[in-house]
There are 2 protein chains.
Amino acid sequence: MTTARRSDATRAAILEAARERFASDGYERATIRAIARDAGIDPSMVMRYYGSKEGLFAAASDFELHLPELGALPSRHIGAVLVTHFLDRWERDDVLTGLLRVGVTNAAGVERMQAVFAEQLGPVTRGVCPDPAEAPRRAALVASQILGMALTRYVLRFPPTVEMSRDEIVAWLGPTIQRYLTAPEP
Amino acid sequence: MTTARRSDATRAAILEAARERFASDGYERATIRAIARDAGIDPSMVMRYYGSKEGLFAAASDFELHLPELGALPSRHIGAVLVTHFLDRWERDDVLTGLLRVGVTNAAGVERMQAVFAEQLGPVTRGVCPDPAEAPRRAALVASQILGMALTRYVLRFPPTVEMSRDEIVAWLGPTIQRYLTAPEP
DNA sequence: ACCGTTGGTCAACGCTTGTTGGCAAATATA
DNA sequence: TATATTTGCCAACAAGCGTTGACCAACGGT
């Protein structure tokens with residue numbers, strides 16, 4: 001078993017600062033120097049604890065969507081529940097916005113983004129769509145609408161999208177997600 | 001009237017190289033030196049003709065969506081026509097992918113992206129949705145689904161999304177766009 | 001009280017970046 | 001032909017980057 005190290009607080013501070021910087025600035029402009037300054041330590045510590053900038057990003061972009069179990073609730077509410085959950089998730093934790101930013105410029109970000117959605121959204125959809133073999137495709141359609149909303153609302157900040165209330169977004173996007181998951185093939 | 005300058009060819013070569021680099025690498029990693037090398041000239045020429053890297057980006061990101069007139073065709077086909085058009089546009093011209101890349105990291109990119117969709121998608125929707133006052137909101141919903149598909153298919157390259165045929169995408173997304181544009185408020 | 005291990009700072013490295021000014025050749029103007 | 005303007009290359013700048021290694025202070029076990 002591993003005992004607690006004295007440097008755990010520093011490691012955590014670096015990680016938190018990194019998440020914020022990656023989220024707000026993207027991969028290239030989130031410099032190790034700035035992250036270290038935010039964490040209140042020397043840039044060389046980042047190298048010692050995470051090896052390189054890529055290693056730091058790998059550690060900082062490891063996260064969970066915490067998707068709810070969809071099998072337990074009435075299938076006609078799945079769409080609304082999912083949209084609500086994603087809006088919650090996105091507004092509570094800006095790592096997601098950061099991953100979106102980084103995923104667009106950086107190869108490692110692309111891989112992480114692919115993995116997160118394949119591993120976490122894929123299984124959840126498998127239980128609720130008509131043919132399990134179609135699950136990945138339907139999950140991808142769901143991802144396209146969810147990520148599109150996240151992109152226009154939290155990154156590009158299109159004014160009409162920002163002004164919409166969460167209830168309005170759920171009312172509009174819920175049926176879309178519902179159809180992508182449960183409707184027969186068009 | 002302005003007479004043709006001898007350097008017009010160079011200016012155009014710079015602009016074309018810039019578009020490609022911004023598209024494939026994003027703002028930060030698209031260096032002026034690389035753009036100049038692609039264009040076959042010296043980096044200092046880029047500065048002379050476009051003032052700065054930001055000026056170059058402003059010039060390179062000026063483009064048109066070439067949206068079709070929607071009023072002329074049967075209103076029940078609007079969704080499918082729009083999706084088809086956007087897929088066409090995105091696959092023919094990678095400046096759009098580039099703008100998506102840059103818009104996520106760079107403030108100027110965000111502004112340009114906002115302007116393009118507000119000025120070009122907004123007016124087109126005004127003629128086809130029930131209440132013209134709702135046009136911006138409905139256009140934003142359309143943008144969220146269209147950009148989400150572009151993001152997952154052309155930037156993040158989610159495998160299931162990449163493997164889908166254009167017809168499949170139109171069949172799935174068409175009704176979504178159709179509903180966002182023409183359905184009564186949910 | 002000693003000594004190895006750990007946590008941390010400091011200064012510097014090699015490199016790349018956007019940007020600038022000087023200078024040679026080509027072209028236009030007279 | 002003589003002169004002014006445009007077009008381009010070259011070399012360099014200051015700044016910022018990720019990264020490294022030397023060095024000091026604090027701790028833990030014995």
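By convention in this document, chain letters (A, B, ...) are assigned in the order of the sequence lines, proteins followed by strands, and residues within each chain are numbered from 1. Small disclaimer: the values here were computed from a predicted structure and weren't measured.
- Between the side chain of B/Arg112 and the main chain of B/Ala58, a donor-acceptor pair closer than 3.5 Å is present.
- Distance A/Arg33 CZ to C/dA11 C1': 11 Å, rounded to the nearest Å.
- Residues A/Arg76 and A/Thr182 fail the side-chain proximity criterion, which asks for heavy atoms closer than 4.5 Å.
- For the contact set between residues 39-52 of chain B and DNA chain C, defined by any heavy atom under 4.0 Å, the members are B/Ser44, B/Met47, B/Ser52.
- For A/Ile32 and C/dT16, the CD1 to C1' distance is 16 Å, given to the nearest whole Å.
- Proximity of a side-chain donor or acceptor of A/Gln120 to a complementary backbone N or O of A/Leu65 within less than 3.5 Å is detected.
- The pair A/Asp88-A/Arg166 meets the salt-bridge criterion, since a charged nitrogen lies less than 4.0 angstrom from a carboxylate oxygen.
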Output side-chain donor-acceptor pairs under 3.5 Å for residues 45-52 of chain B, partner residues at least two apart or in another chain, one line each.
residue : atom : partner : partner atom : Å
B/Tyr50 : OH   : B/Arg11 : O            : 3.1
B/Ser52 : OG   : B/Glu54 : N            : 3.4
B/Ser52 : OG   : B/Gly55 : N            : 3.2

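- Residue B/Arg6 contributes atom CZ, which lies 11 Å from atom P of C/dA26 at whole-angstrom precision.
- Between B/Phe158 and A/Leu141 there is no side-chain heavy-atom pair separated by less than 4.5 Å.
- Chain B approaches DNA chain D within less than 4.0 angstrom (heavy atoms of the protein), and the contacting nucleotides run 5' to 3' from D/dT6 to D/dA12.
- Taking the six-membered ring where tryptophan is involved, the planes of B/Phe117 and B/Phe86 are essentially parallel, since the angle between them stays under 30° and well short of 60°.
- A/Phe22 and A/Phe57 have perpendicular rings, their planes meeting at more than 60° on a 0 to 90° scale where under 30° would count as parallel.
- Each of B/Ser7 and A/Ala30 was assigned the nucleotide of DNA chain D with the nearest heavy atom; the assignment lying further toward the 5' end belongs to B/Ser7.
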